[in-house]
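Okay, structure first, notes after.
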Amino acid sequence: MIIQLQPDISQAQKEKLIAQVQGICYKTTEVKTQLGDYIIGIGKNEFDIRKIGQMDGILDIHIVSDEYKLVSKKWKVKPTSVDLGDGVCIKDGEMAIITGPCSIESEEQIRKVVNHCVENGVRMMRGGVFKPRTSPYAFRGMGIEGLKLWHDIASEAGVKIVTEVMQTSQIEEMYPYVDVYQVGARNSQNFNLLDELGKVDKAVMIKRGISGTIEELLQSAEYVFSGGNEKLILCERGIRTYERASRNTLDLNAVPILKAKSHLPVIVDPSHGIGIREFVPQMALAGVMAGADGIIYESHEVPEKAYSDGQQTLDFAQSAKLISWIRQSFAMRKTFDLL
Ligand code: PEP
Ligand code: MN
């Protein structure tokens with residue numbers, strides 16, 4: 001069960017409530033986020049919801065049978081909006097576009113991509129400064145100095161930064177420069193990292209694990225929410241299947257399923273999803289039609305020269321076309337009442 005508390009609940013009322021919930025053999029956890037105070041009760045016994053619901057200091061009580069609770073749509077029907085400030089928001093009913101290189105490489109490259117974003121009205125830029133690479137000999141990112149440089153240039157242009165955090169020790173040093181912490185597919189179930197991101201007052205985008213189920217992605221999001229951070233975005237980026245013709249299998253089934261199960265915004269990454277440049281636009285548009293709230297994809301001035309993932313990266317001309325197609329597709333989607 002999820003019990004939403006009144007903001008002005010007294011300590012005595014809270015203790016009485018917790019004792020009541022524990023009295024029916026439910027384990028209780030207190031959760032305090034930027035937006036609310038909750039008590040989560042985990043247990044199996046049947047109970048009379050009115051007995052708890054009428055207690056003092058309660059806003060509402062909900063029975064949520066899913067393994068994940070706070071990220072479930074069963075208690076919060078209204079979709080969550082993730083507001084990054086300055087009019088940039090990731091939310092249901094709008095189409096977020098996030099583009100940029102796989103890796104941040106140089107000041108010159110940052111300036112070119114920021115300009116590309118500005119020219120096309122894109123307010124969020126992606127890029128890795130800490131790169132998870134399969135080979136230890138591959139380029140592993142410019143690190144925190146690269147992020148500072150990027151922040152100087154992007155913030156002046158009104159462009160928000162989406163970048164991967166790989167370990168807990170990086171959270172604090174990145175904090176002043178990042179708008180959305182990305183949890184990469186390889187870290188999707190790094191529970192220590194998720195716990196620590198729960199303590200942060202900045203948005204977190206969690207990518208689905210390489211072999212992660214939809215349920216596991218939601219449980220990862222639950223870690224962050226129950227740690228105190230409601231500013232969450234889910235990202236479908238493809239899973240590993242037996243298919244070898246594409247880098248991953250972009251599971252677009254996950255989009256309507258996640259939207260039905262959770263109130264969190266869902267975005268799609270077609271670049272890592274298919275891994276083949278010429279097919280990225282198709283899969284991006286398929287993601288739009290599947291009901292995504294945003295698309296994140298890789299772009300670079302000269303993809304062939306990119307330090308990483310050039311094979312799935314669009315050049316600026318292709319990217320500009322895709323941005324326009326995403327907007328057109330989204331406008332069309334809005335006219336269908338099934339999505
Ligand atoms: C990335 O976004 O560049 C990245 C490494 O993504 P993923 O974690 O989905 O592989
Ligand atoms: Mn990449």
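When a ligand or atom number is given, it counts from 1 through the structure's own listing order. This is a predicted model, so every value here is computed, not measured.
Contacts of Phe330 classified as ring pair (Phe, Tyr, Trp, His ring centres under 6.0 Å), with partners at least two apart in sequence or in another chain: none. Considering only residues two or more places apart in sequence or on other chains, Tyr177 meets the ring pair (Phe, Tyr, Trp, His ring centres under 6.0 Å) condition with His151.
For residues 253-265, the set of pairs meeting the salt bridge (Lys or Arg N to Asp or Glu O under 4.0 Å) definition, not counting sequence neighbours, comprises Asp92-Lys259, Lys259-Asp293.
Centred on the Mn ion (ligand 2), the angle running from Glu298 (OE2) to Cys102 (SG) is recorded as 100°, rounding to 10°.
Between Arg123 and Asp179 there is no salt bridge, since no side-chain nitrogen of the basic residue lies less than 4.0 Å from a carboxylate oxygen of the acidic one.
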What are the distances between nitrogen or oxygen atoms of ligand 1 and protein nitrogen or oxygen atoms, counting only those under 3.5 Å?
unit_1	atom_1	unit_2	atom_2	d
ligand 1	2 (O)	Arg126	NH1	2.7
ligand 1	2 (O)	Arg126	NH2	3.4
ligand 1	2 (O)	Gln182	NE2	2.9
ligand 1	2 (O)	Lys207	NZ	3.0
ligand 1	3 (O)	Arg126	NH2	2.9
ligand 1	3 (O)	Lys131	NZ	3.0
ligand 1	3 (O)	His272	NE2	3.2
ligand 1	6 (O)	Lys207	NZ	3.0
ligand 1	8 (O)	Ala185	N	2.7
ligand 1	9 (O)	Lys207	NZ	2.9
ligand 1	9 (O)	Arg237	NE	2.6
ligand 1	9 (O)	Arg237	NH2	3.4
ligand 1	10 (O)	Arg186	NH1	2.9
ligand 1	10 (O)	Arg237	NH2	2.7

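Counted by atom type alone, Glu230 and Thr33 present one or more donor-acceptor pairs between their side chains at under 3.5 Å. Checked by atom type, the side-chain pair Ser299/His116 shows no donor-acceptor distance below 3.5 Å.
The Mn ion (ligand 2) is closest to atom OD2 of Asp309 (considering only N, O or S atoms).
The one candidate from Glu236, Arg237, Gln312 that meets the side chain to side chain donor-acceptor pair (under 3.5 Å) condition with His272 is Gln312.
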